[in-house]
Amino acid sequence: MKKIDTVFVFGSNLAGRHGKGAALVARNEWGAAYGLGIGFTGDAYAIPTKDENLEVLPLDKIQEYVNEFLKVVKLHPTIIFYVTAFGTGLAGYSVTQIKGLFGDFSKLPYNIVFTKDWMT
């Protein structure tokens, strides 16, 4: 990963097929590599919401990926992580369901910025 100030966080699939929604934006505008569906990729960070067969992951599995993401955020305090409302489009979860994976928003690291789509 190169030194940058902002990382675009999006929902992905474990196959890394960034073909629609925010994943396509990540590929086209943030350099997300096709075939890499988890973690840092280009100037983006992929949080899987679907498996390698494009089947929706259960919330408890997505929770594991969110927990890993939160660890990464703490390790990179100089990077702003711009988090899209992943999992609420093609994966079909509600904003409330995905928000719940983050716990208390007031206790999250300061370098996470959520898009307005989260504020429902």
Side-chain angles (χ1 to χ4, degrees):
M1 185 183 84
K2 65 182 180 178
K3 297 282 185 191
I4 55 173
D5 297 322
T6 304
V7 168
F8 182 80
V9 182
F10 67 102
S12 67
N13 58 72
L14 289 170
R17 295 185 193 123
H18 310 310
K20 295 181 182 175
L24 183 59
V25 172
R27 188 173 101 197
N28 289 340
E29 298 180 27
W30 295 84
Y34 197 82
L36 184 57
I38 184 169
F40 282 112
T41 176
D43 293 340
Y45 188 96
I47 297 179
T49 59
K50 293 186 174 188
D51 67 15
E52 48 281 320
N53 297 313
L54 308 183
E55 297 294 325
V56 175
L57 293 171
L59 282 173
D60 62 332
K61 187 64 179 171
I62 299 170
Q63 178 73 71
E64 293 175 22
Y65 293 120
V66 169
N67 292 346
E68 184 61 30
F69 167 69
L70 293 173
K71 290 176 188 174
V72 168
V73 168
K74 290 178 183 177
L75 291 173
H76 299 281
T78 62
I79 295 175
I80 301 300
F81 290 86
Y82 185 72
V83 183
T84 63
F86 65 88
T88 63
L90 298 173
Y93 289 109
S94 71
V95 171
T96 301
Q97 287 174 301
I98 299 297
K99 277 174 83 170
L101 302 178
F102 286 90
D104 184 348
F105 268 39
S106 70
K107 295 182 179 178
L108 292 174
Y110 64 90
N111 55 332
I112 296 177
V113 175
F114 292 92
T115 62
K116 66 181 179 179
D117 300 352
W118 291 93
M119 306 310 150
T120 60

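Fair warning: this is a prediction, and the values are worked out from it, not measured in the lab. All values below were derived from every heavy atom in this structure, side-chain atoms included, with hydrogens, water molecules and symmetry-related copies excluded.
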What residues form a ring pair (Phe, Tyr, Trp, His ring centres under 6.0 Å) with Phe10, not counting sequence neighbours? His18

Atom pair CG/NZ of Leu54 and Lys20 - distance to nearest 0.5 Å: 9.0 Å

Test your reading of the model: is there a side-chain donor-acceptor pair from Asp43 to the backbone of Trp30, 3.5 Å cut-off? no

Is there a continuous path of hydrophobic side-chain contacts, each under 4.5 Å between heavy atoms, that joins Val95 to Leu90? no

Side-chain touch Lys99/Tyr93, heavy atoms, less than 4.5 angstrom: no

Is the shortest heavy-atom distance from the side chain of Ile79 to the side chain of Asp5 under 4.5 Å? no

Which atom names give the shortest non-hydrogen contact between Ala46 and Pro48, and what distance separates them? O-CD, 3.7 Å

Evaluate the side-chain proximity of Asp60 to Glu64: yes if any heavy-atom separation is below 4.5 Å, no if none is. no

Interatomic spacing from CG in Leu57 to CG in Leu14 - rounded to 0.5 Å: 6.0 Å

Looking at Ala33, is its backbone amide N or carbonyl O close enough to the side chain of Thr41 to form a donor-acceptor pair, meaning the two atoms are under 3.5 Å apart? yes

Decide ring-ring contact (aromatic ring centres under 6.0 Å, His included) for Phe114 and Phe102; before the verdict, give the C-alpha distance in whole Å, the side-chain angles of both, and the deciding distance to 0.1 Å. CA-CA 11 Å; Phe114 292 92; Phe102 286 90; 5.3 Å; yes

Check: Phe8 and Thr84 side chains under 4.5 Å, non-hydrogen atoms: yes

Any chance you could measure Arg17, atom CZ, to Lys50, atom NZ, to the nearest 0.5 Å? 10.5 Å

Is Val66 close to Phe86 at the side-chain level, that is, under 4.5 Å between some pair of heavy atoms? yes

Starting at CD1 of Ile47, measure out to CD1 of Ile98 and round the result to the nearest 0.5 Å. 9.5 Å

Closest heavy-atom pair and its distance - Leu70, Leu108: CD2-CD2, 4.0 Å

Would you mind reporting whether Tyr45 and Ile38 have side-chain heavy atoms less than 4.5 Å apart? no

Are Val25 and Leu36 connected, step by step, through hydrophobic side chains (Ile, Leu, Val, Met, Phe, Trp, Tyr) whose heavy atoms are closer than 4.5 Å? no

Whether the side chain of Gln97 engages the backbone of Ser94 through a donor-acceptor N/O pair (distance < 3.5 Å, no angle test) should be reported. yes

d(Asn13 CG, Thr49 OG1) to nearest 0.5 Å is 7.5 Å

Tyr82 side chain to Ala44 main-chain N or O, any donor-acceptor pair under 3.5 Å? no

Side chain to side chain donor-acceptor pair (under 3.5 Å) partners of Glu52, counting only residues at least two apart: none

Taking the side chain as everything from C-beta on, heavy atoms only, tell me whether Trp118 gets closer than 4.5 Å to Val83. yes

Taking the side chain as C-beta and beyond, is there a heavy-atom pair between Val72 and Phe40 under 4.5 Å? yes

Is a side-chain donor or acceptor of Asn111 paired with a backbone partner of His76 at a separation under 3.5 angstrom? yes

